[in-house]
Amino acid sequence: MTKAFVVGHPIKHSRSPLIHGYWLKQYGIDGSYERIDVAPVKFGDFLKDFRSQGFAGGNVTIPHKEMAFLSVERRTERAERVGAVNTLWFEDGVIWGDNTDVIGFMAHLDASLGKGWEQDVDTALVLGAGGAARAVVAGLQDRPLKRILVANRTLSKAEDLVRDLRPGSSVALETSAWEALGRVIPHAQLIVNTTSLGMAGQPPLTLDLSRVPRNAAVADIVYVPLETPLLSAAAAQGLRTVDGLGMLLHQAVPGFKRWFGVTPEVTPELRALILADIEGHR
Ligand code: NAP
């Protein structure tokens with residue numbers, strides 16, 4: 001039997017076991033995927049020991065993603081750029097780390113907007129400069145865009161992000177002050193919220209979308225609730241919208257493939273299962 005895990009602290013709210021459990025059943029795989037709560041002081045020991053405990057690998061979530069980045073022996077180029085690791089596996093006797101949030105965000109964006117969406121986008125505006133923003137910018141950077149603007153309440157964090165991700169970028173990376181959003185929004189054909197604003201229990205993200213180009217798309221990586229106030233406002237303006245649940249589902253695909261050897265599909269049934277869980281907990 002192949003075993004995988006999701007490690008975090010706390011971990012009981014993680015939906016990853018539901019996602020991987022669905023796929024294990026769907027593909028008739030003799031495997032398990034379990035939640036493991038590990039406090040930060042014990043995370044180093046956990047990394048050293050998980051192989052001997054029979055695990056093929058697993059996911060890493062808050063607060064361990066940066067520590068996992070520093071502790072793994074090899075990292076993918078993607079993880080290197082983002083500076084955080086959320087997926088671990090053994091290969092050639094060493095622990096590897098990847099950041100599959102990058103793939104998750106881009107796969108869902110492609111599925112929602114259709115291949116070639118970049119043709120309509122010169123400027124992408126990314127709101128936020130936390131860990132998720134780094135994954136989103138790293139994904140967008142690989143596409144044929146002219147410019148990515150990063151706006152964050154704390155400008156210095158946006159500047160750090162741009163400084164870290166700019167080397168080798170074929171897309172221009174720039175910052176924008178949070179207070180200047182009104183001026184830059186009319187130039188953005190893709191707007192992505194990566195802040196926690198709009199999440200259940202948080203204030204909404206209120207943007208004036210009336211001057212957004214008519215062909216623009218608005219994505220929100222917050223998925224509780226699925227339709228955030230930002231996405232409702234965008235839909236009311238007739239703009240295309242991309243929700244955050246697809247990113248969560250698609251980021252799980254590469255890990256499952258590594259540990260269990262099957263590339264799983266993100267199906268409407270899986271989406272409905274996770275959505276029901278989200279609704280049930282609200
Ligand atoms: P993080 O590192 O803590 O970053 C939080 C971001 O939100 C920062 O840019 C922060 O700005 C901003 N923010 C918080 N409160 C704000 C406020 N009142 N006004 C303006 N900006 C505010 O968190 P993260 O890991 O990047 O996650 C961010 C969100 O993405 C969370 O809601 C998380 O659930 C979601 N997420 C979704 C997925 C998915 O699969 N769909 C994956 C990862 C994360 P400052 O720097 O100024 O504090």
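Indexing begins at 1, ligand by ligand and atom by atom, following the structure's order.
Using a 4.0 Å cut-off between a side-chain N of Lys or Arg and a carboxylate O of Asp or Glu, D45 and K48 qualify as a salt bridge. Using a 4.0 Å cut-off between a side-chain N of Lys or Arg and a carboxylate O of Asp or Glu, R78 and D142 do not qualify as a salt bridge. The residues D98 and R258 are annotated as not salt-bridged, no charged nitrogen and carboxylate oxygen being separated by less than 4.0 angstrom.
For V222, every heavy-atom contact with ligand 1 shorter than 4.0 Å involves the side chain, none the backbone. If you look at I221 next to ligand 1, the close heavy atoms, those under 4.0 Å, come from the backbone and the side chain alike. Proximity of A132 to ligand 1, defined as any heavy-atom pair under 4.0 Å, is shared by backbone and side chain alike. In M247, the parts holding a heavy atom less than 4.0 Å from any atom of ligand 1 are both the side chain and the backbone.
Relative orientation of the H20 and Y33 rings is parallel, given thresholds of 30° and 60° on the angle between their planes. Between W96 and W89, the two ring planes are parallel [angle under 30°; tilted spans 30° to 60°].
By the 3.5 Å distance cut-off applied to N or O atoms, P203 is not counted among the residues near ligand 1. Residue G128 has no N or O atom closer than 3.5 Å to an N or O atom of ligand 1. Considering backbone and side-chain atoms alike, A133 places every N or O at 3.5 Å or more from each N or O of ligand 1.
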The test is salt bridge (Lys or Arg N to Asp or Glu O under 4.0 Å); show your working for D160 and K157 and say whether it passes. CA-CA 5 Å; D160 290 349; K157 276 181 66 183; over 6 Å; no

Determine, step by step, whether K42 and D49 satisfy the salt bridge (Lys or Arg N to Asp or Glu O under 4.0 Å) criterion, reporting the C-alpha distance in whole Å, the side-chain angles of both residues, the deciding distance to 0.1 Å, and the verdict. CA-CA 11 Å; K42 296 270 171 68; D49 295 345; over 6 Å; no

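At the shortest separation from atom 29 (C) of ligand 1 among protein heavy atoms lies T194 O, 3.6 Å. Nearest protein neighbour of atom 1 (P) of ligand 1, counting heavy atoms only, is G130 CA, 4.1 Å. At the shortest separation from atom 14 (C) of ligand 1 among protein heavy atoms lies S196 OG, 3.3 Å.
The closest approach between G104 and ligand 1 stays at or above 4.0 Å for every heavy atom of the residue. Ligand 1 lies within reach of K157, whose nearest heavy atom is under 4.0 Å from it.
Proximity annotation for atom 8 (C) of ligand 1: of N193, T154, N152, T195, N152 comes nearest, heavy atoms only. Ranked by closest heavy atom to atom 20 (C) of ligand 1, the top entry among D243, I62, D101, L197 is L197. When the heavy atoms of M199, Q251, R153 are ranked by distance to atom 48 (O) of ligand 1, first place goes to R153.
A donor-acceptor pair shorter than 3.5 Å cannot be found between the side chains of E159 and T175. Side chains of D220 and T228: a donor-acceptor N/O pair is present below 3.5 angstrom, by distance only.
Near L248, meaning under 4.0 Å from one of its heavy atoms, ligand 1 places the atoms 40 (O). Below 4.0 Å from some heavy atom of G131 lie the following atoms of ligand 1, by number and element: 2 (O), 26 (O).
Between F90 and F50, the distance from one ring center to the other falls under 6.0 angstrom.
Screening N99, V7, V38 for a side-chain contact (heavy atoms from CB on, under 4.5 Å) with V60, the sole residue that qualifies is V7.
For atom 23 (O) of ligand 1, the nearest protein heavy atom lies 4.0 Å or farther away. There is a protein heavy atom less than 4.0 angstrom from atom 11 (O) of ligand 1.
Annotation: salt bridge (Lys or Arg N to Asp or Glu O under 4.0 Å) contacts involving residues 184-198, sequence neighbours excluded, are absent.
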